[in-house]
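A quick note: this is a predicted structure, and the numbers were derived from the prediction, not measured. Each residue takes its place number in the sequence, starting with 1. Any value given below was found using the heavy atoms of this structure, including those in side chains, with hydrogens, waters and symmetry copies removed.
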Amino acid sequence: MTILHTLMVEDSEDDALLILEVLRSGGYDVRARRVETEDELRRALCDGPWDIVLSDYMLPSFDAESALSVLNEVGLGIPVIVISGTVGEDVAVETLKLGAEDYLLKQNLTRLVPAVARALDVAESRRQQNKLEHMKTLILENSLDLICTLDTQGCFLEVSAAIQTVLGYEPVELTGVHIEKLVHPDAQVSFLHEFQTVLQGERMRDFECRFLHECGRTVYLTWSAVLSQDHDVIVSVGRDVTERKQAEQRIRYLATHDGLTDLPNRNLIQDRIQQAITHARRTGRLLALLFLDLDRFKVINDGYGHPFGDAVLKAAAEQLVALVRDGDTVARQGGDEFLILLADLRKASDAHIVAQKIVENLERPLVVQGREVHMSGSIGVAVFPQDGETADALIGNADVAMYRAKNLGRNTYQFFTREMSEETQRRVNLETRLHDAVAMDQLRLVYQPMVSLTSGRITGCEALLRWHHPELGMVSPAHFIPIAEDSGLIVPIGDWVLRTACAQARTWWDAGLPPVTVAVNISARQFLQQDVVTWVMNTLRKTGLPPELLELELTETLIAQDVEKVIATFSRLGDVGVKLSIDDFGTGYSSLGYLKRFPADTLKIDQSFVRDMLTDPEDATIVLAVISLAHNLEFKVIAEGVETEQHCHFLRQNHCDEIQGYYFSKPVPAAEFEAMLRSGKRLP
């Protein structure tokens, strides 16, 4: 077992014992000491050495931030992991900014052992890096140029001590050795030519040549030499320029490659596309260009930070490279966009096979830094020569086809057609107009009643967003909501929806109407880009709506982004009375593991199952299973999309709690919904 000297900043002996037990079960022989105050911590640091510090976030007289300050002050370089019962992304971020290697919750110590191993690795890497930097500094401060004397045959007579630094040899080792043996084989002809010019009395000035270090690696030297007055000795000076040469090579590499993923960049892929076009014209073969955009990446990047987003991009790049042939090219276009060049194709359908394979593989969960990421890809395909005869034309048309794939619901691929260009232009125009929708008072809310199948009475409503543009008329939510999600406009629009719905519900309550719950949908981008608890509580406070009259609807896709964070966040909202429902249940990443832990009040059966449940046995089975599951977990269940009396009868007979749909009422303006409440409208 690995011995782990552990300093614990922890006031709870029970928590400390639990942490030690987890570490020991993970293969560590823990030698621990527990402290509770700053003075104890300072004394303990003097008694080290310690491999790691595990600190609680908040102690009665001390906290993790203070502990990190002490450690930074002492400068011992001990890695710190904060293990806390405090849930909050802002707390974690601030702690990590102060130098903690990781932030774990006491409620979930499954990541402790790998987090410790990773912290130790990082600390060791940091120590090694510090040592290398120190050595480098010494070399820069004390190194001398390589000075040597050679006879006219080219054999070493004397060599300065710098030879050991530059090429790894002891000076005495090279006495009598011909310099040709140190020159790289590929550079010997040019070097010997320069050497002959020196023998003829000419001065060699800063001739750049490759040498071989004793270990075999290549060293670049600028070499100067002059023949002595007696014409029997050559005096030479060599200067190591390897770092400069490598930097130049790196610059040339980065000019054609992406610095994050090491994939070819847009410059190189354009060149390769043009080469593939030339080859295709000569051979009569086809080529296809796939333009891939990662769905929901912006949500991940904004929600978990750019370093994690970069790790996701690198993992996705590796996955894409593994899915294509060696002769194909995967390039990063920029952001979360990739280009995939499929050259030398016999028929266009070959591109179908590759695109489908990529879509299917991206749909599977990707594990990045121990976190499961659910993503997918939208792909546009352009084929040479019918979709373009230049690199720019193929890229542009594949891009257009990719946006068509996104509009069709994402997680799919589309081949370019001429009609798509017009559709893309319409989408751009729509996004431009959507920017002004809130300021120009073009957005409206309508409310669809939710009705009890037992009493027949209205129990609540769902607030649904509508956009009425003065020129375009009523714009379908199916058209503008995806644009709002992709552009980030969903955040300010979602804030307007929540504020408006809560204010309207408060107005009904003040009017003495029967209390009803108003349900508002929360998107993944809204959840990950802001502190949802603070946002909701501030809105409730400003509008005066009691928390128990608000219901937040989440999709399974949102929950799957980060189950633990979602559960923690909405547990806090549930504690103050806000109701929570899982919308479109059965259409996302269903998991009974999270469902039994999620603080939901309601499951909503997606209308795609309800619509055909009377004619499709599979849909009927799913509906009945969801009703049974919900009741066993003590959730209320609502069926969406109920449009006929037969639908209603089937659901009532099978003990569904509530319905929502055109059978009772379509979504209506606030005044019409209020009229329903005043009249006491009920199910037949």
Side-chain angles (χ1 to χ4, degrees), residues 87 107-108 372 374 448 450-454 459-464 494 497-498 501-502 505 515-528 531-533 535-537 539-540 545-610 622-642 651 654-660:
V87 179
Q107 302 94 310
N108 181 14
E372 193 173 85
H374 290 274
Q448 185 168 43
M450 293 182 283
V451 187
S452 170
L453 285 174
T454 303
T459 60
C461 60
E462 180 178 359
L464 299 170
V497 170
L498 181 65
C502 289
V516 291
T517 301
V518 62
V520 177
N521 291 279
I522 302 294
S523 75
R525 185 179 281 267
Q526 287 174 281
F527 176 76
L528 292 170
D531 184 340
V532 174
V533 175
W535 170 50
V536 171
M537 295 308 297
T539 303
L540 290 172
L545 183 69
E548 58 270 17
L549 295 184
L550 173 64
E551 182 171 58
L552 300 179
E553 295 192 1
L554 299 80
T555 64
E556 292 178 274
T557 302
L558 184 156
I559 297 170
Q561 295 291 336
D562 191 334
V563 173
E564 297 302 329
K565 180 181 177 182
V566 173
I567 290 175
T569 298
F570 287 97
S571 291
R572 292 168 61 192
L573 288 171
D575 288 342
V576 299
V578 175
K579 295 183 175 65
L580 305 167
S581 67
I582 300 177
D583 196 13
D584 302 334
F585 185 75
T587 62
Y589 303 98
S590 302
S591 169
L592 296 179
Y594 80 70
L595 191 59
K596 68 180 182 180
R597 299 166 50 213
F598 193 75
D601 302 281
T602 305
L603 291 186
K604 299 188 76 172
I605 307 175
D606 187 64
Q607 60 182 338
S608 62
F609 302 122
V610 175
I622 291 173
V623 169
L624 296 178
V626 173
I627 294 173
S628 176
L629 174 65
H631 288 163
N632 286 332
L633 293 174
E634 299 183 352
F635 294 159
K636 182 175 65 177
V637 59
I638 299 178
E640 298 179 302
V642 177
L651 292 166
N654 288 284
H655 310 294
C656 182
D657 298 301
E658 296 181 6
I659 64 167
Q660 178 181 344

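The heavy-atom pair separating P547 from V576 by the smallest distance is CB-O, 3.3 Å. Summarising the geometry of V518 relative to A505, their closest heavy-atom pair is CG1-CB, 3.7 Å, with the distance given to 0.1 Å. When every heavy atom of V637 is checked against every heavy atom of C656, the shortest pair comes out as O-SG, 3.6 Å. Nearest heavy atoms, P515 versus L549: CB-CD2, 4.1 Å. Across every non-hydrogen atom of F635 and D657, the tightest pair is O-OD2, 4.2 Å. Considering every non-hydrogen atom in both L550 and V578, the closest pair reads O-CG1, 3.7 Å.
Here T569 contributes atom OG1 and L552 contributes atom CG; the two are 11.5 Å apart, rounded to the nearest 0.5 Å. From T602, atom OG1 reaches atom CD1 of I582 across 9.5 Å, with rounding to the nearest 0.5 Å. Separation of atoms CD1 (I627) and CD1 (I622) is listed at 12.0 Å; rounding is to 0.5 Å. If you take CD on E548 and CG on L540, they are separated by 9.5 Å, rounding to the nearest 0.5 Å. Between L580 atom CG and I567 atom CD1 the span is 11.5 Å, to the nearest 0.5 Å. From E658, atom CD reaches atom CG of L651 across 12.0 Å, with rounding to the nearest 0.5 Å.
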Original post:
Does the side-chain contact (heavy atoms from CB on, under 4.5 Å) test come out yes or no for T517 and T459, once each step is laid out?
Top reply: CA-CA 7 Å; T517 301; T459 60; over 6 Å; no

Subject >> Check against side-chain contact (heavy atoms from CB on, under 4.5 Å), W535 and L498 >> reply: CA-CA 10 Å; W535 170 50; L498 181 65; 3.5 Å; yes

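Residues passing the side-chain hydrogen bond (donor to acceptor under 3.5 Å, both in side chains) test with K579, sequence neighbours excluded: none. Under the salt bridge (charged side-chain N to carboxylate O under 4.0 Å, His left out) criterion, E551 pairs with no residue at all, not counting sequence neighbours. Applying the side chain to side chain contact (heavy atoms under 4.5 Å, CB included) criterion to E640, with sequence neighbours excluded, gives E462, D583, D584, K604, D606, Q607, Q660. With sequence neighbours excluded, no residue satisfies side-chain hydrogen bond (donor to acceptor under 3.5 Å, both in side chains) with H655. With sequence neighbours excluded, no residue forms a side-chain hydrogen bond (donor to acceptor under 3.5 Å, both in side chains) with T539. Residues forming a side-chain hydrogen bond (donor to acceptor under 3.5 Å, both in side chains) with N654 (at least two apart in sequence, or on another chain): none.
Between the side chain of D601 and the backbone N or O of S581 there is no donor-acceptor pair closer than 3.5 Å.
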